[in-house]
Amino acid sequence: MATPLTADRLLKALRDEGLEVHEYRDWRTHNRNSKGPWGPVNGVMIHHTVTKGTDSSVELCYEGHSSLPGPLCHGVIDKSGAVHLVGNGRANHAGLGDSDVLRAVIDESALPPDNEADTDGNRHFYGFECINLGDGEDPWPEAQKLAIEKVSAAICRAHGWTQRSVIGHLEWQPGKVDPRGFTMDSMRSRVAKRLGAKPDGPAPKPPATYEPFPGADFFRDGRESKIITAMGKRLVAEGCGRYEEGPSPEWTEADRKSYAAWQRKLGYSGDDADGVPGKTSWDKLRVPNV
């Protein structure tokens, strides 16, 4: 039994365990606290989404749907092992479950069969949805299972819990089958082994990346080009925003030739050096102050 982690502490615990974590929208204040208490917390509950696709799954878990408002969990674990935080506080993921199971989680003892639905689980469990169709055929990549292990261990470590504080939805609420595709006993064994060692430490931050356009080295240290900056301002003035398909009527042939000249100077050719601003060439060019 414990006080829920703050958003900052949860984020730090996950990253200290070596996880790649993404903060989705205003997850820090996104919750269902107005509908009931959040805490004391007693464990971590694992689910599968019955969806595919990272972006759509994360959005669904954040927004919820007409019959069940979001957040539908605290974090979404994608196939690559990245964690997307979508809620902080009470979340609609556990529903009603078995009070005997909750007692066993608190006591960190063997779980009894879940044959009742008499206790509010949203109050007591962190919830993580894992992207999987749950049909018994959709694979569970090792990177995803490793992330489930790390997420569970990170929260247990932060609260001083053992692996027995980690359960599946199918062990909490009668009739549930998730997560389907691996056993929770095997996952708890992995969590126990991880808790017996030091956390991996924060994952290294990826180096700053730049679009692989010709001439990128010029801008790598934040340098600017007066010519390109001036041309960019002219594009905006003429109504040629980054996402427009083409130039405005005021774009003259002289403008096109001038625009094409510096495209070629950067190393473009063919359609990417046609002097017409549009999605193809403009999206490739991420230039400071344009």
Side-chain angles (χ1 to χ4, degrees), residues 5 7-8 10-28 30 44-64 70-88 91 93 125-158 163 166-170 177-184 186-191 193-195 197-212 283 286:
L5 298 173
D8 285 341
L10 175 61
L11 183 62
K12 184 177 187 305
L14 296 176
R15 287 182 170 159
D16 283 352
E17 205 68 41
L19 288 155
E20 176 187 341
V21 185
H22 302 278
E23 301 182 65
Y24 187 73
R25 293 169 59 178
D26 60 344
W27 75 275
R28 291 169 175 268
H30 189 46
V44 182
M45 189 175 294
I46 305 300
H47 307 257
H48 62 229
T49 60
V50 198
T51 62
K52 60 181 179 179
T54 297
D55 291 346
S56 58
S57 298
V58 171
E59 182 178 10
L60 173 64
C61 288
Y62 180 93
E63 295 285 0
L72 303 184
C73 58
H74 297 95
V76 181
I77 302 175
D78 68 25
K79 294 279 193 181
S80 74
V83 181
H84 306 261
L85 293 175
V86 297
N88 177 45
H93 71 97
F125 289 93
Y126 298 94
F128 287 84
E129 289 279 358
C130 309
I131 298 176
N132 190 278
L133 293 175
D135 57 3
E137 297 181 4
D138 191 11
W140 290 88
E142 176 55 28
Q144 188 177 32
K145 289 193 287 186
L146 179 59
I148 298 170
E149 170 194 323
K150 287 185 175 183
V151 162
S152 303
I155 295 177
C156 288
R157 202 187 298 276
Q163 76 280 2
V166 182
I167 68 172
H169 199 193
L170 78 171
V177 300
D178 54 319
R180 186 179 181 190
F182 61 87
T183 68
M184 286 306 301
S186 68
M187 183 54 65
R188 280 188 285 269
S189 294
R190 294 177 60 146
V191 174
K193 184 176 180 181
R194 176 165 290 277
L195 288 173
K198 292 182 178 180
D200 290 349
K205 292 183 179 180
T209 57
Y210 295 81
E211 291 293 326
D283 265 1
R286 306 288 175 85

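Keep in mind it's a predicted model, so treat the numbers as computed, not measured.
Of the residues L11, L14, L10, the one that meets the side-chain contact (heavy atoms from CB on, under 4.5 Å) test with L5 is L10. Here the rule is side-chain contact (heavy atoms from CB on, under 4.5 Å) with I131, and of D138, I77, D78 only D78 fits it.
With N132 contributing its side chain and V50 its backbone, the two residues share no donor-acceptor pair below 3.5 Å. H93 places a side-chain N or O within donor-acceptor distance of the main-chain N or O of F125, the cut-off being under 3.5 Å. The main-chain N or O of T54 is never found under 3.5 Å from a side-chain atom of K79 such that the two would form a donor-acceptor pair. Side-chain N or O atoms of H48 include one that pairs as donor or acceptor with a backbone N or O of R180 at under 3.5 Å. Side-chain atoms of D178 do not come within 3.5 Å of backbone N or O of H47 as any donor-acceptor pair.
Scanning both residues, P179 and L170, for their nearest heavy atoms gives CD-CD2, 3.8 Å. Of all heavy-atom pairs spanning A13 and A158, the tightest one is CB-CB, 4.3 Å. In terms of heavy atoms, T51 sits closest to S57 at OG1-OG, 2.6 Å. The shortest heavy-atom contact between V86 and C73 is CG2-O, 3.5 Å. Listed here is the closest heavy atom pair of P141 and P139: CD-O, 3.4 Å. In plain terms, the two heavy atoms of D200 and G18 that are nearest each other are CB-CA, 4.2 Å.
Taking 4.5 Å as the limit, some side-chain heavy atom of F128 sits within range of a side-chain heavy atom of V83. Between V58 and R25, every side-chain heavy-atom pair lies at or beyond the 4.5 Å cut-off.
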**Prompt:** Can you list the steps and then say if Y62 with H30 is a ring pair (Phe, Tyr, Trp, His ring centres under 6.0 Å)?
**Reply:** CA-CA 8 Å; Y62 180 93; H30 189 46; 3.9 Å; yes

**Message:** Under the criterion side chain to side chain contact (heavy atoms under 4.5 Å, CB included), I'd like the reasoning laid out for M187 against I46: C-alpha separation, chi angles, the key distance, then a yes or no.
**Reply:** CA-CA 10 Å; M187 183 54 65; I46 305 300; 5.7 Å; no

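Here OG of S189 is found 10.5 Å from CE of M184. Values are rounded to the nearest 0.5 Å. C156 SG to R188 CZ: the interatomic distance, rounded to the nearest 0.5 Å, is 10.5 Å. Rounding to the nearest 0.5 Å places NE2 of H169 at 8.5 Å from CD of E129. The line from CG of D55 to CD of E59 is 8.5 Å long, rounded to the nearest 0.5 Å. Atoms CH2 and CG, from W27 and L85 in turn, are 4.5 Å apart once rounded to the nearest 0.5 Å.
Crowding of D135 atom CG: a count of heavy atoms from other residues, nucleotides or ligands under 6.0 Å exceeding 12.
Ionic pairing of E23 and R28 is present here: one or more N-O contacts between side-chain nitrogen and carboxylate oxygen are shorter than 4.0 angstrom. Contact check on R190 versus E142 returns a salt bridge, with a Lys/Arg side-chain nitrogen under 4.0 Å from an Asp/Glu carboxylate oxygen.
Checked by atom type, the side-chain pair W140/Q144 shows no donor-acceptor distance below 3.5 Å.
Residue pairs meeting the side-chain hydrogen bond (donor to acceptor under 3.5 Å, both in side chains) criterion with at least one member in residues 11-21, sequence neighbours excluded, are K12-D16, E17-R157, E20-H22.
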